Every structure is written in structure tokens, then in C-alpha cells.
Amino acid sequence: VSFKVTNTGKMDGDEVVQLYVKQPEATVPVPQIRLGDFERIGDIKVDETRDVKLILTPRYRSSVFNKTTKIWYQPDIQIEKGTVELYIGGGQPDNPFKGYLSTNVTITNGGSFGNCENQN
């Protein structure tokens with residue numbers, strides 16, 4: 001997800017941009033809303049604009065490293081078809097996400113995340 005962040009305030013600032021995900025059509029229990037990615041863009045001057053790119057990658061958000069065996073455990077993550085709601089802002093969103101950028105993504109073909117060509 002690519003977008004621009006502009007400091008429209010009266011003072012220089014420091015910002016952490018966060019991407020939240022909602023899956024209202026999930027067929028299995030999932031959190032109502034969860035953090036998908038974030039990036040600290042650091043000091044941003046008044047009226048300065050920065051390009052930001054956040055990547056929603058379930059594989060890395062779900063992986064666990066076993067210190068004993070030195071092996072990464074990557075579960076077989078299933079991507080369900082349906083609508084995924086994305087929200088971008090500077091903190092955990094309040095309902096109904098006032099002041100957040102938002103968009104819906106429609107996944108037409110679900111399947112195993114390990115089979116996604118762009119994720120290997």
C-alpha cells in the first residue's frame with residue numbers, strides 16, 4: 001500500500017504510520033481488527049510530504065523462530081476470498097476510523113499463502 005504523508009501541523013513532528021486490516025467476511029475466527037504493518041517515518045517538518053510504502057505480508061507476521069532448533073516455523077496460512085478492509089493512520093483506530101485513509105480489497109481466488117507467486 002503506497003501513499004503520501006504530509007505534516008499539516010504548526011510544528012515539526014515524528015510519526016509512525018500504521019496499517020490495520022479488517023476481514024468482515026472471514027469464515028474462521030480472526031481479530032476484529034489487527035495491525036498489518038507499520039513504519040516510523042521519523043522527523044517530518046511542517047508542510048513536508050513523504051512517500052510511504054507498507055507491505056501486508058502474513059507470512060512474516062505469523063512466523064515464529066525456535067531458538068533451540070534454529071528453525072523458522074511458518075504455518076500454512078490460508079488467504080480467503082472476499083473483502084478485506086484496510087485502514088491507514090497514525091495510531092490504533094477508533095471505530096469508525098475517523099481521519100483514516102481507507103480502501104477495500106477484493107480477493108477473488110483464495111488459497112494457501114505458500115502458493116502465492118509473489119510471496120515466495
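This is a predicted model, so every value here is computed, not measured.
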Min side-chain heavy-atom separation [X]-[Y] under 4.5 Å:
X: V21; Y: V84; result: yes
X: R40; Y: E15; result: no
X: T103; Y: Y87; result: no
X: T83; Y: V105; result: no

To the nearest 0.5 angstrom, please state how far the [atom1] atom of [X] sits from the [atom2] atom of [Y].
X: F38; Y: L54; atom1: CZ; atom2: CG; result: 10.0 Å
X: E85; Y: E25; atom1: CD; atom2: CD; result: 8.5 Å
X: Q23; Y: L86; atom1: CD; atom2: CG; result: 10.0 Å
X: T6; Y: E48; atom1: OG1; atom2: CD; result: 9.0 Å
X: E39; Y: I55; atom1: CD; atom2: CD1; result: 9.0 Å

Are V46 and V52 grouped together when hydrophobic residues (ILVMFWY) are joined by side-chain heavy atoms under 4.5 angstrom apart?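 No.
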
Output, in order, the C-alpha distance, side-chain angles, deciding distance and verdict of side chain to side chain contact (heavy atoms under 4.5 Å, CB included) for R50 and I44. CA-CA 8 Å; R50 299 249 183 99; I44 184 167; 3.8 Å; yes

Would you say D37's side chain and L19's backbone share a donor-acceptor pair under 3.5 angstrom?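 No: the side chain of D37 does not pair with the backbone of L19.
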
What residues form a side chain to side chain contact (heavy atoms under 4.5 Å, CB included) with D43, not counting sequence neighbours?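 Partners of D43 under the side chain to side chain contact (heavy atoms under 4.5 Å, CB included) test: D14.
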
What residues, two or more places apart in sequence or in another chain, satisfy salt bridge (charged side-chain N to carboxylate O under 4.0 Å, His left out) together with R34?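 None.
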
Listed partners of K4 passing salt bridge (charged side-chain N to carboxylate O under 4.0 Å, His left out), at least two apart: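 D51.
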
Please say which of I41, T49, I88 ends up in a side chain to side chain contact (heavy atoms under 4.5 Å, CB included) with V5.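 Between V5 and the candidates, side chain to side chain contact (heavy atoms under 4.5 Å, CB included) is satisfied uniquely by I41.
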
List the atom of L35, the atom of Q18, and the distance in Å for their closest heavy-atom pair.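 Here L35 and Q18 meet closest at CD1-CB, 4.0 Å.
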
